[in-house]
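A short write-up of the structure that comes next.
All residue numbers in this chain count up from 1 along the given sequence. Just so you know, these numbers come straight off a predicted model, no measurement behind them.
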Amino acid sequence: MIENIFSGKNILIVEDNAINQMLVKYAFANTGVNTSVADNGIKALELMKSNTYDVILMDIYMPELDGYQTTEIIRNELHSTIPIIAMTALSMKSEEEKCITNGMNGYIPKPFTTDILFNELKRVLDFSESLA
């Protein structure tokens with residue numbers, strides 16, 4: 001199964017909506033993936049200080065610090081190249097382009113299926129690991 005290739009990966013889910021948090025965590029149930037959840041960008045940055053993640057699933061529109069602002073800090077202040085996949089309900093081509101232009105590596109429109117999530121995750125992780 002495709003999800004077994006993610007076993008042992010550490011994924012940070014940055015999402016302010018509790019239901020969406022639950023759905024993403026449920027998608028990784030029984031896959032061997034370790035997930036952490038932050039409900040805004042400030043909490044995500046705090047978690048990154050004490051944990052190592054393989055990928056970040058980043059909601060775009062959140063209170064406190066949104067996905068664009070958080071990505072900017074990760075890229076420009078933390079100088080991290082960790083793969084970041086945007087997750088947003090605003091599914092327009094221009095939004096996807098804005099996410100990529102602002103330093104994210106991938107894009108998933110909400111609502112999404114586990115197939116969409118896993119395929120984008122595999123694409124981004126395969127690409128980042130081929131650069132290592």
Side-chain angles (χ1 to χ4, degrees):
M1 289 173 52
I2 189 168
E3 51 270 2
N4 289 339
I5 65 172
F6 305 128
S7 184
K9 297 289 186 195
N10 295 309
I11 297 177
L12 176 57
I13 303 163
V14 187
E15 168 66 62
D16 64 320
N17 182 291
I19 292 171
N20 289 339
Q21 291 172 2
M22 184 184 66
L23 291 172
V24 175
K25 286 181 75 168
Y26 180 78
F28 291 114
N30 303 316
T31 63
V33 168
N34 304 305
T35 59
S36 299
V37 176
D39 60 8
N40 65 54
I42 294 169
K43 290 180 182 174
L45 295 170
E46 286 296 317
L47 283 171
M48 289 183 70
K49 290 179 183 177
S50 57
N51 298 284
T52 302
Y53 297 102
D54 297 295
V55 68
I56 299 172
L57 298 175
M58 181 78 70
D59 185 23
I60 297 301
Y61 299 102
M62 300 177 290
E64 308 279 335
L65 200 60
D66 71 23
Y68 291 118
Q69 295 164 318
T70 305
T71 298
E72 182 178 347
I73 292 169
I74 291 168
R75 297 296 188 235
N76 299 325
E77 293 179 27
L78 302 181
H79 304 288
S80 175
T81 59
I82 183 170
I84 300 173
I85 299 174
M87 297 188 307
T88 181
L90 191 58
S91 64
M92 297 183 302
K93 189 67 177 168
S94 61
E95 188 72 12
E96 180 177 0
E97 292 166 358
K98 182 177 178 184
C99 291
I100 302 304
T101 300
N102 282 279
M104 297 177 199
N105 306 85
Y107 173 89
I108 298 171
K110 293 189 239 176
F112 55 83
T113 64
T114 54
D115 284 344
I116 290 170
L117 173 64
F118 291 155
N119 286 335
E120 186 66 357
L121 195 57
K122 182 179 182 328
R123 186 192 69 77
V124 168
L125 287 172
D126 283 351
F127 180 76
S128 70
E129 289 171 0
S130 72
L131 297 176

* Would you call Leu45 and Ile74 a side-chain contact if the rule is heavy atoms closer than 4.5 Å? -> yes
* Beyond-backbone contact of Thr101 with Glu96, side-chain heavy atoms, under 4.5 angstrom -> no
* Looking only at heavy atoms, which two atoms of Phe112 and Met87 are closest? And how far apart? -> CE2-SD, 4.1 Å
* Separation of Thr52 OG1 from Leu47 CG (nearest 0.5 Å) -> 11.5 Å
* Are Val37 and Met22 connected in the hydrophobic side-chain network, where two residues link if heavy atoms are under 4.5 Å apart? -> no
* To do: With side-chain contact (heavy atoms from CB on, under 4.5 Å) as the test, would you mind laying out the steps for Lys9 and Leu121 before giving the verdict?
  => CA-CA 11 Å; Lys9 297 289 186 195; Leu121 195 57; over 6 Å; no
* Asked: Are Lys49 and Glu46 close enough for a salt bridge, meaning some N to O gap below 4.0 Å?
  -> yes
* Asked: In Å and rounded to the nearest 0.5 Å, what is the OG1 to CD distance from Thr70 to Glu64?
  -> 10.0 Å
* Asked: How far does CD1 of Ile13 sit from CG of Leu57, to the nearest 0.5 angstrom?
  -> 6.0 Å
* **Minimum-distance pair of heavy atoms, taken over all atoms of Asn34 and Gly8** => ND2-O, 3.9 Å
* Asked: Shared ILVMFWY cluster between Tyr61 and Leu23, side chains joined below 4.5 angstrom?
  -> no
* So, do Met104 and Tyr68 sit near enough that their side-chain heavy atoms are less than 4.5 Å apart? -> yes
* Under 3.5 Å, side chain of Glu15 to main-chain N/O of Asp59, donor-acceptor pair present? -> no
* **Asn51 vs Asn10 side-chain heavy atoms within contact, under 4.5 Å** => no
* Asked: About how many Å separate CG of Leu65 and CD1 of Ile42, when rounded to the nearest 0.5 Å?
  -> 5.5 Å
* Taking NZ, NE, NH1 and NH2 as the nitrogens, is one of them in Glu95 or Lys98 under 4.0 Å from a carboxylate oxygen of the other? -> no
* Give me the ring orientation class for Phe118 and Phe28: parallel if the planes are under 30° apart, tilted from 30 to 60°, perpendicular past 60°. => tilted
* Asked: Would a 4.5 Å heavy-atom cut-off, applied to side chains only, mark Lys43 and Met62 as touching?
  -> no
* Taking side chain as C-beta onward, heavy atoms only, is Phe6 less than 4.5 Å from Lys122? -> yes
* Met58 with Leu78, same ILVMFWY side-chain cluster at under 4.5 Å -> yes
* To do: Locate the shortest heavy-atom distance separating Asp54 from Leu125; write the atom from each residue and the value.
  => O-CD2, 3.7 Å
* If you take all heavy atoms of Gly106 and Ile100, which pair is closest and at what distance? -> N-CD1, 3.8 Å
* To do: Over all heavy atoms of both residues, which pair between Leu12 and Met48 is shortest? Give the atoms and the distance, please.
  => CD2-CG, 4.0 Å
* Determine, step by step, whether Ile11 and Val55 satisfy the side-chain contact (heavy atoms from CB on, under 4.5 Å) criterion, reporting the C-alpha distance in whole Å, the side-chain angles of both residues, the deciding distance to 0.1 Å, and the verdict. => CA-CA 5 Å; Ile11 297 177; Val55 68; 3.4 Å; yes
* To do: Hey, could you give me the OG1/CG distance between Thr71 and Asn76, rounded to the nearest 0.5 Å?
  => 10.0 Å
* **Between NZ on residue Lys110 and CG on residue Leu117, distance to nearest 0.5 Å** => 12.0 Å
* Would you name the heavy atoms of Tyr53 and Ile82 that are closest together and state the gap between them? => O-CD1, 3.2 Å
